[in-house]
Amino acid sequence: ARLNDHHRLLFKLTPRKETVASYCLRKAYVNTCSARDIDPIAQRTYTKYLRTMINARLLHETPAPGKGNLRLLRRRFAA
């Protein structure tokens, strides 16, 4: 799968060894976009991009125990 600039930014913001909650990653992504004067992608597109990277095995996803739809994410590879 080809990654655009937003995919790459999300990948860079995702930790390799620890996990991060999907909503925390979204917050870091929006803050980074703001600092770089870039328009962030919409929430639905954000979810779609994460799913694409999970399916491409770039990110590892774990359901958060007892937290409904919350997902914990980490990188599978260094970049």
Residue pair [X] / [Y], side-chain heavy-atom distance below 4.5 Å:
| X | Y | value |
| --- | --- | --- |
| Pro63 | Arg71 | yes |
| Leu13 | Leu9 | yes |
| Thr14 | Leu58 | no |
| Arg44 | Thr47 | yes |

Please list, one pair per line, the donor and acceptor atoms closer than 3.5 Å that link side chains of residues 27-40 to other protein atoms, with sequence neighbours excluded.
{"residue": "Tyr29", "atom": "OH", "partner": "His6", "partner atom": "ND1", "Å": "2.5"}
{"residue": "Tyr29", "atom": "OH", "partner": "Ile41", "partner atom": "N", "Å": "2.9"}
{"residue": "Asn31", "atom": "ND2", "partner": "Lys27", "partner atom": "O", "Å": "3.3"}
{"residue": "Thr32", "atom": "OG1", "partner": "Ala28", "partner atom": "O", "Å": "2.8"}

For [X] and [Y], which heavy atoms make the closest approach, and how far apart are they?
| X | Y | result |
| --- | --- | --- |
| Leu70 | Ser22 | CD1-OG, 3.8 Å |
| Arg8 | Leu3 | NH2-O, 2.8 Å |
| Arg57 | Arg76 | O-CD, 2.8 Å |
| Arg74 | Arg16 | CD-O, 3.8 Å |

If hydrophobic clusters are built by linking Ile, Leu, Val, Met, Phe, Trp and Tyr wherever their side-chain heavy atoms come under 4.5 Å apart, do Leu25 and Leu72 end up in the same one?
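No, Leu25 and Leu72 fall in different hydrophobic clusters.
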To the nearest 0.5 Å, how far apart are CE in Met53 and NE2 in His7?
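Reported to 0.5 Å precision, the distance equals 6.0 Å.
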Nearest 0.5 Å, please: how far is CG in Leu10 from CG in Asp5?
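Asp5 atom CG to Leu10 atom CG measures 11.0 Å (nearest 0.5 Å).
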Check whether Arg75 reaches the backbone of Lys12 with its side chain - one donor and one acceptor, N or O, closer than 3.5 Å.
yes
For Tyr49, enumerate each residue passing the side chain to side chain donor-acceptor pair (under 3.5 Å) test, keeping only those at least two apart in sequence or located in another chain.
Asn4
